[in-house]
Amino acid sequence: MSEEQEPYTIEKLETGIPGFDFLSEGGLPQGRATLIAGTAGSAKTVFACQFLVEGIKRGENGVFITFEEPPKAIRKNMRGFGWNITQWEQERQWAFVDASPQPGERPMVSGEYDLGALLARIEFAIKKYNAKRVSMDSLGAIFNHLGDSAQVRSDLFRIASALRELDVTAIMTAERTSEYGEISRHGVEEFVADNVVILRNVLSEEKRRRTIEILKYRGTDHQKGEFPLTIVPRKGIVIIPLSAIELQQSSSNIRITSGSKELDTMCGGGFFRDSVILVSGATGTGKTLMVTEFMAGGVQSNERCLVFAFEESREQLFRNATGWGVDFGQMERDRKLKVVCRYPETTGLENHLIKMKEIIEEFKPNRVAVDSLSALERVSTLKGFREFIIGLTSFIKQQEIGGLFTSTTPSLLGGSSITEAHISTITDSIILLRYVEMYGEMRRGVTVLKMRGSMHDKDIREFSIDGTGMHIGKPFRNVTGILAGTPMYVAQNEVDRLSGLFEKEL
Amino acid sequence: MNKYLLKLYITGNTSRSQRAIANLFRICREELAGQYQVEIIDVLEQPHRAEKEKILVTPTLIKQLPPPLQRTIGDMSNRNKVLLGLDLLQQD
């Protein structure tokens, strides 16, 4: 390769860290050093380890140079992710270079010195194990246990250029003092590496939010901005990439049944197969019923159906379904249905998302329902919630799965919720369920507010619920103001006059 | 007097390495009167020994015997520090 060509042909090494290769558009620049900077507790060591772990899975050996924790502690701490470092060491796939502070007295300093021995050890380990990946954790610690920082600085440059010579792809971690400020504590670490990635662990609205940002990627493209990141037991770091996946979604013209013939008619023949439908309504308007019918309709057309319930227990759901003539128990025994119940509070939203994706990948459903999104909104920040919705929607669309989400409106009559305000643009269809108060009686109305790519019924129709499910009837012709929450009765002759008004003018 | 067993780790044949060796031998000659043995280890030739001993910087002098084990880093130009590292001088 000639010198001139080099800038245009920076090859990337797939890291295997979920989401990172998307974010970095292919992985870490091969044969370069990348700095991973973050405050205490921002998962730098996990990142450094995982980089090697994923390499081993791909048949690439790794060398881990530790300046802070002794190898013993790292082996132990990483067991929780299912990483058996000891075994990899025995199989000669993983080697430690232990540069952690040794117990005992600090050495006497009798004059000038350099990190020549460390460099020799690193080179030795890389050659001996034929390593392709190297992690150094963390650079700041060398400054702490060697006094002469000017010397350390120039030695770090030597190490970085030696790593380049050996054609290994390296990660160096560095400590930061604040989430938004100087890149690294000593202000030199970022100059040693070609690329800089920042891990953050920000406290926002009393909740911890981890993010990752690629700050500098010399000469190559990457996604810009912060992306949510989470740490999953037995898996490690998982990055949730948001933006670009949305654009790849194909859209299908195939219709699927909503489980209710009348509702299918209102939607112009059913939902689209890979569309996301939002059902919004106050408590008790029939959202869970719609979920139940959506599932039953799927099972009847021999599809696999999955429900994530965050509000009700299994028993409640099954009892409700029986009340509407749907036997969830039998469906589950036939392996056509899977009901997953969770308390929203058990874990963070990022982890819910990852868990849900895992279940979807494992069960391979044709349709998925989430009841309700509003319950999940409670455990997250607004930004995190929006990211969750985007992540989930794009994921299920990619899999060509139909999705039905419910959202609870806070007021009984009319109104909208924060949930809707944040996700209505992401969903393909919106169905509103509303209470209508008429002459001292509560009745229920349903309308299809939006149906992307299709004609649909514009009426607000009355519906009733009985032992066989949902029955949609006639439009509320002589009531106005339902969606605003202030229904008003209009005399029949006035309705006739109004509907005739435009016809006359035409 | 106990016999001194010393190991000096250096990186290649640099002027810093030369200086460390010369300084150390001068101190040994003057202070230890023949009761010493010095092994010089070049980490470029024997990196596994640096790994085993967890040597980070060069030059590093290790006083193996008599106990306790002591480390002195640097080019040995500060005579007092070297003497401290060899327990030939008490701190203060």
Side-chain angles (χ1 to χ4, degrees), chain A residues 63-72 89 92 95-129 131 136 139 141-156 158-159 162 166, chain B residues 6-24 26-27 40-63 67-91:
Chain A
V63 169
F64 195 101
I65 304 146
T66 175
F67 295 104
E68 219 157 12
E69 288 175 283
K72 204 175 152 192
E89 284 180 282
R92 305 179 65 78
F96 275 110
V97 172
D98 182 6
S100 61
Q102 297 301 307
E105 280 183 53
R106 284 176 74 98
M108 290 291 163
V109 180
S110 71
E112 294 171 4
Y113 57 84
D114 57 58
L115 284 167
L118 175 67
L119 181 57
R121 287 167 64 191
I122 294 172
E123 287 182 326
F124 173 63
I126 290 170
K127 284 177 185 154
K128 186 173 167 194
Y129 290 87
M136 299 174 77
L139 296 188
I142 334 181
F143 288 90
N144 299 340
H145 66 102
L146 293 177
D148 187 350
S149 55
Q151 184 63 50
V152 172
R153 205 169 294 189
S154 85
D155 284 341
L156 282 179
R158 262 175 71 201
I159 292 172
L166 290 164
Chain B
L6 307 175
K7 286 190 213 159
L8 181 66
Y9 287 83
I10 53 158
T11 306
N13 191 20
T14 61
S15 61
R16 187 174 287 163
S17 302
Q18 294 298 337
R19 216 161 43 238
I21 294 168
N23 288 336
L24 178 66
R26 190 182 320 121
I27 294 166
I40 292 167
I41 298 138
D42 184 347
V43 297
L44 295 183
E45 283 165 21
Q46 296 181 290
H48 59 279
R49 294 194 60 181
E51 181 58 48
K52 207 168 162 223
E53 204 78 61
K54 297 193 169 64
I55 307 291
L56 266 191
V57 303
T58 46
T60 293
L61 174 68
I62 294 183
K63 175 173 71 85
L69 199 109
Q70 284 264 36
R71 287 181 182 225
T72 307
I73 60 172
D75 62 7
M76 313 286 144
S77 55
N78 184 331
R79 189 185 170 90
N80 271 1
K81 294 283 185 192
V82 180
L83 293 178
L84 279 169
L86 294 175
D87 290 320
L88 290 169
L89 202 70
Q90 294 304 310
Q91 210 128 14

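Because only heavy atoms are used, hydrogens play no part in the values below, and waters and symmetry mates are left out as well, while side chains stay in. Just so you know, these numbers come straight off a predicted model, no measurement behind them. Residue numbers begin at 1 in each chain, while the letters A, B, ... track the order of the sequences.
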Q: Grab the two heavy atoms, one from A:S110 and one from B:V82, that are nearest each other, plus how far apart they are.
A: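 Where A:S110 meets B:V82 most closely, the heavy atoms are CB-CG2, 3.8 Å.
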Q) For the residue pair A:A120 and B:L44, what are the closest heavy atoms and their distance? A)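 It is CB-CD2, 4.2 Å.
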Q: Go through the structure and list residues passing side-chain contact (heavy atoms from CB on, under 4.5 Å) with B:P68, not counting sequence neighbours.
A: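 Partners of B:P68 by the side-chain contact (heavy atoms from CB on, under 4.5 Å) criterion, ordered by chain and then number, come out as B:K63, B:D87.
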Q.
Which residues pass the side-chain contact (heavy atoms from CB on, under 4.5 Å) test with A:S154, not counting sequence neighbours?
A.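 Partners of A:S154 under the side-chain contact (heavy atoms from CB on, under 4.5 Å) test: A:Q151.
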Q. Sequence neighbours excluded, which residues qualify as side chain to side chain donor-acceptor pair (under 3.5 Å) partners of B:S17?
A.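 Here the qualifying residues are B:T14.
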Q: Only one of B:T72, B:N80, B:L61 passes side-chain contact (heavy atoms from CB on, under 4.5 Å) with A:M108; say which it is.
A: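 Testing each of B:T72, B:N80, B:L61 against A:M108, the sole residue satisfying side-chain contact (heavy atoms from CB on, under 4.5 Å) is B:T72.
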Q. Do any of residues 47-60 of chain B come closer than 4.5 Å to chain A, heavy atom to heavy atom, and if so which ones, in number order?
A. B:P47, B:H48, B:A50, B:E51, B:K54, B:I55, B:L56, B:V57, B:T58, B:P59
Q: Considering only heavy atoms and a distance below 4.5 Å, find which of A:A125, A:A117, A:A99 pairs most often with chain B.
A: A:A117
Q: Mind ranking A:L115, A:D114, A:L118 by heavy-atom pairs under 4.5 Å with chain B and telling me who comes out on top?
A: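 Most heavy-atom pairs under 4.5 Å with chain B: A:D114.
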Q. Checking heavy atoms, do the side chain of A:Q102, its backbone, both or neither come under 4.5 Å from chain B?
A. side chain
Q | Structural part of B:R79 lying under 4.5 Å from a heavy atom of chain A | A | neither
Q | Proximity breakdown for B:T11 and chain A, heavy-atom pairs closer than 4.5 Å | A |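 Contact with chain A is through the side chain of B:T11 alone.
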Q | Top contributor to chain A interface from B:V43, B:D75, B:L69, B:N78 [non-hydrogen pairs under 4.5 Å] | A |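 Looking at each of B:V43, B:D75, B:L69, B:N78 in turn, B:D75 comes out on top.
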